[in-house]
Each structure stands twice: as structure tokens, then as C-alpha cells.
S.K.: 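Below is the structure I would like to discuss, written out as C-alpha cells.
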Amino acid sequence: NPKYLSWALKQMVSWNQKEPIQNLVHIHGDNDAVFPIKNIKECISIKNGTHIMIINKYKWFNENLPKIILAK
């Protein structure tokens, strides 16, 4: 969708977060080509997780997300 792509690119280019958001849970794939993990700090790293891991790592999310949410 060209509208979504345009919106997404604008959001990435104009991101202006100076300080980390407190109590944020960041789950990130260690094989994400869009946002490489080498640029990410303090996250829950998912082995072989890609940018679309929400689709192909759904079993991990189904098992672990309730525990992560309840821990917050």
C-alpha cells in the first residue's frame, strides 16, 4: 500500500525520541534486516526473529507474551 509505505517512512525518518520510554517492553528479532539488532539496546531478543516474526514466531508470542504483560 503506497499510503502506508509513505507514512511508515516518514515516521522512521522523523523519529525524535530523546530518552528511552520507561517500563517499555521491547521484543526484537536477532535477524531483523529492517531494524538490525546491533542498533537496539535493552530488548528481549528472539532467536532467528525477523521483521515479520509476529507471524512466523507466533508460538513464542502465545507462550511468552501473557507472562511478560503480567510481569509489568
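Computed over heavy atoms, backbone and side chain alike; hydrogens, waters and symmetry mates excluded. In this text, all values refer to a predicted model and were calculated from it rather than measured experimentally.
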S.K.: Report, one line per pair, each donor and acceptor closer than 3.5 Å where one atom sits in a side chain of residues 15-26; sequence neighbours left out.
M.R.:
unit_1 : atom_1 : unit_2 : atom_2 : d
Asn16  : OD1    : Lys18  : NZ     : 3.1
Gln17  : NE2    : Glu19  : O      : 2.8
His26  : NE2    : His28  : ND1    : 3.1

S.K.: Hey, could you give me the CD/OH distance between Glu63 and Tyr58, rounded to the nearest 0.5 Å?
M.R.: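 So the CD of Glu63 and the OH of Tyr58 are separated by 12.5 Å.
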
S.K.: Do Asn64 and Ile27 have side chains that get closer than 4.5 Å, going by heavy atoms?
M.R.: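 Asn64 vs Ile27: side chains apart.
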
S.K.: Consider only side-chain heavy atoms of I, L, V, M, F, W and Y, link residues closer than 4.5 Å, and tell whether Leu9 and Phe35 are in one cluster.
M.R.: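 Looking at the clustering, Phe35 is in the same group as Leu9.
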
S.K.: Side-chain donor-acceptor contacts of residues 41-56 below 3.5 Å, not counting sequence neighbours, with atom names and distances?
M.R.:
unit_1 : atom_1 : unit_2 : atom_2 : d
Thr50  : OG1    : Ile52  : N      : 3.3
His51  : ND1    : Asp32  : OD1    : 3.2
His51  : ND1    : Asp32  : OD2    : 3.1

